[in-house]
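One structure is given here, and the rest of the page talks about it.
Proteins get letters first, then strands, A, B, ... in listed order; numbering begins at 1 in each. All values below come from the heavy atoms of this structure, side chains included, with hydrogens, waters and symmetry mates left out.
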2 protein chains.
Amino acid sequence: MSRNSTTGNMLDKAALILDAYHPSGGELRLSELVARTGLSKTTAFRLAGNLVRLGFLEHAGEHYRLGNHLFELGSLVSRRLDLRETALPFLQDLYESTRQTVHFGVRDGFDVVYVERIHGHDSLALPSRIGGRLPLSCTAIGKALLAFCKEETCDLDTRELPRLTPYSITDPVALRTALEQVQVSGLAYEEQEAAVGVSCIAAPVFAGATVVAALSVAVRQQQFRPAHLAPAVRTAALGLSRALRNGVTSA
Amino acid sequence: MSRNSTTGNMLDKAALILDAYHPSGGELRLSELVARTGLSKTTAFRLAGNLVRLGFLEHAGEHYRLGNHLFELGSLVSRRLDLRETALPFLQDLYESTRQTVHFGVRDGFDVVYVERIHGHDSLALPSRIGGRLPLSCTAIGKALLAFCKEETCDLDTRELPRLTPYSITDPVALRTALEQVQVSGLAYEEQEAAVGVSCIAAPVFAGATVVAALSVAVRQQQFRPAHLAPAVRTAALGLSRALRNGVTSA
DNA sequence: TCGTGCTGTTCCGTGACATGGAACGAACTT
DNA sequence: AAGTTCGTTCCATGTCACGGAACAGCACGA
């Protein structure tokens with residue numbers, strides 16, 4: 001018996017293998033899978049074989065990589081699908097009027113998950129990535145989502161606020177007052193709180209009365225002119241919110 | 001014993017559940033899952049519970065939907081990740097210069113899988129979708145991929161060519177000659193072969209000497225002016241190919 | 001107020017099958 | 001040649017996934 005606390009069933013082990021890829025993509029050898037998952041060599045081998053057969057993994061020579069099927073399934077996640085489709089034109093508008101990196105994300109737990117991210121040739125060195133997640137408190141999008149979440153699912157005071165840069169807000173009261181300013185202005189700001197040298201301005205996106213997402217523009221700190229960006233961000237968010245209200249919002 | 005030919009193991013059944021969502025996303029009730037998968041009610045219930053616990057499924061009231069975790073994993077599929085990131089700026093350029101729907105796809109088997117698709121407010125009614133797949137023979141991107149696949153993994157003659165519209169090419173020899181024209185011109189065309197009223201022009205993207213993807217522009221049939229679009233498509237593809245050659249191609 | 005049909009859920013005995021240790025072959029370093 | 005470390009195969013053991021049956025909640029209509 002490997003002293004793994006809860007050994008779990010076959011599915012759990014398969015998920016362990018898939019989650020071994022979290023760090024930064026790439027490819028993994030069988031032995032690396034064994035090391036990261038704690039599974040026995042035999043089990044990892046058999047499970048990986050099964051995952052390959054199902055298309056969740058691909059077996060390239062000595063290496064395993066995440067498979068096509070995952071990409072296809074991931075693209076079907078319903079809320080994301082509809083949201084992205086209707087949001088894209090507005091994000092394009094925003095990009096064209098600012099020519100800066102544009103983000104679009106939704107909330108999941110106490111993170112923002114990025115659904116879309118468009119940029120030109122001069123992409124910033126950002127920790128954000130489509131499908132990636134960052135703490136709500138460290139991003140403009142996160143603040144926009146937090147400030148307008150009606151239900152009090154925001155027990156911020158009980159949580160330890162993470163720190164990504166020296167500028168990250170870690171004091172709950174400081175965050176509270178920042179959120180109040182977001183509520184009155186309808187815009188959320190973030191200055192080097194997620195990555196040094198990068199600042200953001202974000203606006204919430206509503207479907208009816210509830211926030212479902214937020215969009216933002218990220219620029220280099222030295223070029224950060226909120227007054228220049230604010231109108232474009234606001235109009236994009238409003239336009240998208242209107243489209244969502246009129247559109248066929250199934251759920 | 002359910003007369004299911006190969007009963008399969010637990011993983012297969014989990015994959016059955018996930019694949020039940022293929023058609024057009026949305027949400028499914030437990031009974032619908034049972035109907036689509038052929039699993040017993042008990043098994044489906046237990047597996048769905050496991051999948052929910054792992055984040056592959058979400059349980060919203062009476063319904064199950066594909067979960068966040070799938071989206072995140074799908075975004076990690078390595079080749080897609082790098083490819084999309086470097087391709088995006090060039091796709092943006094292409095969109096801005098044409099203001100038409102831009103597609104970006106890779107090959108998988110005898111389908112093209114769409115990695116990116118950007119458009120403005122006037123989106124066409126297209127069967128393409130990010131993460132979705134269409135037959136190679138019915139799309140401009142597919143022809144571009146086929147024409148330059150060096151290895152003879154293209155046993156076109158043995159395959160039945162699918163038909164999406166009355167204009168789809170179903171004759172292997174007709175396809176052959178079309179592909180030869182693609183090889184000499186470096187551009188692939190498609191007129192209403194995937195969707196009535198829509199035509200495309202595509203160009204292959206190379207990493208070194210092998211095609212890795214293709215990009216295209218889709219326009220309404222009545223506006224289809226290949227000569228207008230060709231230069232933009234070609235330059236985008238060449239620029240991206242150059243970026244891929246220079247870029248940090250890990251694998 | 002009962003039926004009747006549909007749901008989603010729990011329980012449990014049984015046996016198929018996932019499991020991990022051991023052994024094997026290959027490739028590579030010492 | 002002896003030592004790695006890798007991927008792969010084999011097999012006896014016992015766990016755990018299985019599905020039938022029974023239960024529970026709900027919406028019907030009689």
Side-chain angles (χ1 to χ4, degrees), chain A residues 1-21 23 25-67 69-70 78 250-251, chain B residues 1-21 23 25-67 69-70 78 250-251:
Chain A
M1 170 197 312
S2 62
R3 108 252 336 258
N4 243 332
S5 53
T6 49
T7 319
N9 59 24
M10 195 174 165
L11 259 180
D12 290 278
K13 300 178 185 174
L16 270 180
I17 290 184
L18 264 40
D19 289 341
Y21 286 87
E27 312 193 330
L28 294 179
R29 317 188 47 159
L30 180 60
S31 50
E32 299 176 285
L33 283 178
V34 170
R36 294 198 189 189
T37 58
L39 300 174
S40 82
K41 194 168 45 165
T42 313
T43 304
F45 174 67
R46 188 168 11 88
L47 279 179
N50 281 329
L51 290 171
V52 167
R53 181 171 44 81
L54 294 171
F56 291 105
L57 236 48
E58 288 176 7
H59 189 38
E62 297 281 273
H63 297 271
Y64 290 93
R65 70 165 79 99
L66 295 177
H69 206 57
L70 275 179
S78 51
S250 54
Chain B
M1 173 196 309
S2 63
R3 107 255 332 262
N4 243 333
S5 53
T6 48
T7 319
N9 60 25
M10 195 173 165
L11 261 179
D12 290 281
K13 300 178 186 174
L16 271 180
I17 291 185
L18 264 39
D19 289 340
Y21 286 86
E27 312 194 329
L28 294 179
R29 316 188 48 163
L30 180 60
S31 50
E32 297 175 286
L33 283 177
V34 171
R36 295 197 188 191
T37 58
L39 300 174
S40 81
K41 195 168 44 164
T42 312
T43 303
F45 173 67
R46 188 166 12 87
L47 279 179
N50 281 330
L51 289 172
V52 167
R53 181 171 45 81
L54 295 171
F56 291 105
L57 236 48
E58 288 176 7
H59 190 38
E62 297 279 275
H63 297 272
Y64 290 94
R65 69 164 80 99
L66 295 178
H69 206 57
L70 276 179
S78 51
S250 53

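Within the model, atoms CG of Leu54(B) and CG of Leu16(A) stand 9.0 Å from one another, a figure rounded to the nearest 0.5 Å. The distance from the CD atom of Glu58(A) to the CG atom of Leu70(A) is 9.5 Å, given to the nearest 0.5 Å. Atom-to-atom distance recorded for Leu11(A):CG and Lys13(A):NZ is 11.0 Å, nearest 0.5 angstrom.
Listed here is the closest heavy atom pair of Arg65(A) and Ala60(A): NH2-CB, 3.6 Å. Here the closest heavy-atom approach between residue Ala20(B) and residue Leu33(B) is recorded as CB-CD2, 4.0 Å.
Here Lys13(B) reaches the OP1 or OP2 of dC18(D): one of its side-chain N or O atoms lies under 4.0 Å away. Side-chain nitrogen and oxygen atoms of Arg46(B) include at least one within less than 4.0 Å of the OP1 or OP2 phosphate oxygen of dC18(D).
In this structure, the CG atom of Leu28(B) is 15 Å from the C1' atom of dG8(C), given to the nearest Å. Straight-line distance from the CE atom of Met10(B) to the P atom of dA17(D): 5 Å, rounded to whole Å.
Residues satisfying the side-chain hydrogen bond (donor to acceptor under 3.5 Å, both in side chains) test with Glu62(B), not counting sequence neighbours, are Arg29(B). Partners of Arg53(B) under the side-chain hydrogen bond (donor to acceptor under 3.5 Å, both in side chains) rule, at least two apart in sequence or in another chain, are Asp12(A), Asn50(B).
For the segment residues 47-56 of chain B, the set of residues with a heavy atom within less than 4.0 Å of an atom of DNA chain C is empty.
Between Leu57(A) and Leu18(A) there is a side-chain heavy-atom pair separated by less than 4.5 Å.
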Tabulate protein N/O versus nucleotide N/O from nucleotides 4-8 of chain D, keeping only pairs under 3.5 Å, one per line.
unit_1	atom_1	unit_2	atom_2	d
dC6(D)	O3'	Arg29(A)	NH2	3.4
dG7(D)	OP1	Leu30(A)	N	3.1
dG7(D)	OP2	Ser31(A)	N	3.2
dG7(D)	O6	Lys41(A)	NZ	3.2

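For DNA chain C, if you chain together Watson-Crick or G-U pairs that step i with j, i+1 with j-1 and so on, the runs of at least three with distances under 3.5 Å are C:1-6 with D:25-30, C:8-24 with D:7-23.
The aromatic rings of Phe56(B) and His69(B) lie perpendicular to each other, with more than 60° between the two planes, well past the 30° mark.
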Just list the side-chain donor-acceptor pairs under 3.5 Å for residues 39-49 of chain B, sequence neighbours left out, or say none.
unit_1	atom_1	unit_2	atom_2	d
Ser40(B)	OG	Thr43(B)	N	3.2
Ser40(B)	OG	Thr43(B)	OG1	2.9

